Amino acid sequence: MTFNEVVDRRNTRSVKWDLTEQLFKDKEILPMWVADMDFQTPKPVVDALVDRASHGIFGYTVTDESIHSIIKKWLSKKHHWEISTDWLSYSPGVVPSLHTSVEALTEPGDSILIQTPVYPPFYDVIKKHDRNIVTSSLQLQDGRYEIDFEDFEEKIQNVKAFILCNPHNPVGRVWTKDELQRMADLCVKHDVLILSDEIHADLIYAGHKHIPIASLSDKIAHRTTTYFSPTKTFNIAGLQASYIVTPDQDMKKKIDAQFGLQGLNMLNTMGVTAIEASYEHGEEWLNELVEVLDANKDLLMKRVHEEISQIQIIEPEGTYLVWMDCRDLGLSHNELKEFMRTKAKVGLNDGASFGKEGEGFMRINIATPPQTLNEGIDRIVQAVKKQNDTDSN
């Protein structure tokens, strides 16, 4: 399709490209940070949006039974989860949904567990509503992150809710059925709610399988609310469309009531159109996308392994976001950030923003044509080699 085409995204009000100079203080920075892709959205989705725009009227828009059924079919086919359409709620995005759920399902002063390093908005979702953050650090073992279940069980006993990230951002783990079952069983044992962010569920590499934690059993489903969106999958984040799956109707009523208090009662017209077109006509494009991302992942790992001994790539099992261990460069974390900004001139996500466990790490977005990815790798390689030459003199 068009995955090798470099599309100029400047002057489109792109956060990734048009805010780079402002954020990184250098117009020469190559942006490889925020989690959207440099690939064009599937043509059937674009065509559907153009067709809808040509109608010329953009009044209030409903998410009707047709949209419900399309989502139900997608979750069944892609993730083998049979849901009821009356479990669905809609929201502009997963982060607003998490804010709403925390307000609806917990009280000020409650504690909420997260597995760190983790997606930075999780911290805000807890702190901004006067809840307490409890962290259980993931353990890096032989190049792969594992759950410290002894620590997890100790921490889970004293919290009201657990925000799960699966696939995990930034470490790229796709949690196995056994891992999910162990976490879920502990949540059942200690009466803990599960808020499961599964926005990257469709972006899974060969040899791994995404399993919605709520699909494990009815008992687990009825303490879990799950957040999905086609926006990461099909590169339509700007259209602001996501949905929540909540089997327990009491939990769902509380979440829906909280959305009502915030005045969030419907999606925008183009978001609804994009959900429908993506899930009905985007699967072929998605299959090819995952192959491209897999090749990009392998390219990054091969080149860094061969050309930069001081950086280790944590191989992702899902997502297009890759966690880079830069600790062997021998730089403080602030020095590492400045090195990538001023020497390599590559815009990456600051590892420390994911938690203290991220110090010495950076996150890179590989959802870009291979020539752009190679340029980013070239910049990092050349900067490291120059630094090594300077250190040896």
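All values below come from the heavy atoms of this structure, side chains included, with hydrogens, waters and symmetry mates left out. This one's a predicted model, so the numbers in the text were calculated from it and none came from an experiment.
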Would you mind checking if [Y] and [X] are paired as a salt bridge, meaning a charged N to carboxylate O distance below 4.0 Å?
X: Asp38; Y: Arg9; answer: yes
X: Glu21; Y: Lys25; answer: no
X: Arg144; Y: Glu315; answer: no
X: Lys252; Y: Asp256; answer: yes
X: Lys155; Y: Asp151; answer: yes
X: Lys343; Y: Glu338; answer: no
X: Arg131; Y: Asp110; answer: no

Over 60° means perpendicular and under 30° means parallel, so tell me whether His68 and Tyr90 are parallel, tilted or perpendicular.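 The arrangement is parallel - the two ring planes meet at less than 30°.
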Listed by chain and number, what are the ring-ring contact (aromatic ring centres under 6.0 Å, His included) partners of [X], not counting sequence neighbours?
X: His99; value: His129
X: Tyr123; value: none
X: Tyr320; value: none

Give me each pair satisfying ring-ring contact (aromatic ring centres under 6.0 Å, His included) with a member in residues 192-218, each pair once, sequence neighbours excluded.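 Of all non-adjacent pairs touching residues 192-218, those that pass ring-ring contact (aromatic ring centres under 6.0 Å, His included) are His79-His210.
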Return the set of residues passing side-chain hydrogen bond (donor to acceptor under 3.5 Å, both in side chains) with [X] (not counting sequence neighbours), or none when no residue passes.
X: Arg303; value: Glu307, Asn374, Asp378
X: Ser353; value: none
X: Glu5; value: none
X: Thr41; value: none

Not counting sequence neighbours, which residues clear side-chain contact (heavy atoms from CB on, under 4.5 Å) with Lys43? List them please.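 Lys43 satisfies side-chain contact (heavy atoms from CB on, under 4.5 Å) with Asp47 once adjacent residues are dropped.
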Qualifying residues under side-chain contact (heavy atoms from CB on, under 4.5 Å), relative to Arg10, sequence neighbours excluded: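 Partners of Arg10 under the side-chain contact (heavy atoms from CB on, under 4.5 Å) test: Asp8, Trp17, Asp18.
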Does some side-chain heavy atom of Phe122 sit less than 4.5 Å from a side-chain heavy atom of Leu195?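 Answer no - side chains too far apart.
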Contact check, side chains of Phe24 and Leu30, non-hydrogen atoms, under 4.5 Å: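 No. Closest side-chain heavy atoms not under 4.5 Å.
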Calculate, to the nearest 0.5 Å, the distance between atoms OG1 and CD belonging to Thr176 and Glu179 respectively.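 The CD atom of Glu179 is 3.5 Å from OG1 of Thr176, to the nearest 0.5 Å.
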Distance in Å, Ile156 CD1 paired with Ile194 CD1, rounded so as to fall on 0.5 Å steps: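 Output value for this atom pair is 8.0 Å.
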Does [X] use its side chain to pair, donor to acceptor, with the backbone of [Y] at less than 3.5 Å?
X: Lys232; Y: Ala237; result: no
X: Arg52; Y: Thr269; result: no
X: Ser54; Y: Asp51; result: yes
X: Glu335; Y: Ser332; result: yes
X: Arg223; Y: Val192; result: yes

Hey, which of Ile126, Ile114, Leu113 is the one that makes side chain to side chain contact (heavy atoms under 4.5 Å, CB included) with Val134?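 One option only clears the test, and that one is Leu113.
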Can Ser101 and Tyr227 be said to form a side-chain hydrogen bond (donor to acceptor under 3.5 Å, both in side chains), step by step? CA-CA 10 Å; Ser101 299; Tyr227 311 93; 2.7 Å; yes
In this structure, are over 12 heavy atoms from other groups packed under 6.0 Å from [X] atom [atom1]?
X: Gln141; atom1: CD; result: yes
X: His305; atom1: NE2; result: no
X: Lys77; atom1: NZ; result: no
X: Lys78; atom1: NZ; result: yes

Listed partners of Glu153 passing salt bridge (charged side-chain N to carboxylate O under 4.0 Å, His left out), at least two apart: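 Applying salt bridge (charged side-chain N to carboxylate O under 4.0 Å, His left out) to Glu153 gives Lys189.
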May I have the list of side-chain donor-acceptor pairs in residues 354-365 shorter than 3.5 Å, sequence neighbours left out?
unit_1, atom_1, unit_2, atom_2, d
Glu357, OE1, Thr116, OG1, 3.4
Glu357, OE2, Thr116, OG1, 2.7
Glu357, OE2, Ser137, OG, 2.5
Arg363, NE, Asn349, OD1, 3.3
Arg363, NH1, Asn169, OD1, 2.9
Arg363, NH2, Asn349, OD1, 2.9
Asn365, OD1, Ala367, N, 2.8
Asn365, ND2, Val34, O, 2.9
Asn365, ND2, Asp36, O, 2.8

Which heavy atom of Arg327 sits nearest a heavy atom of Leu140, and at what distance?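 Scanning both residues completely, I find the closest heavy atoms to be NH2-CD2, 3.8 Å.
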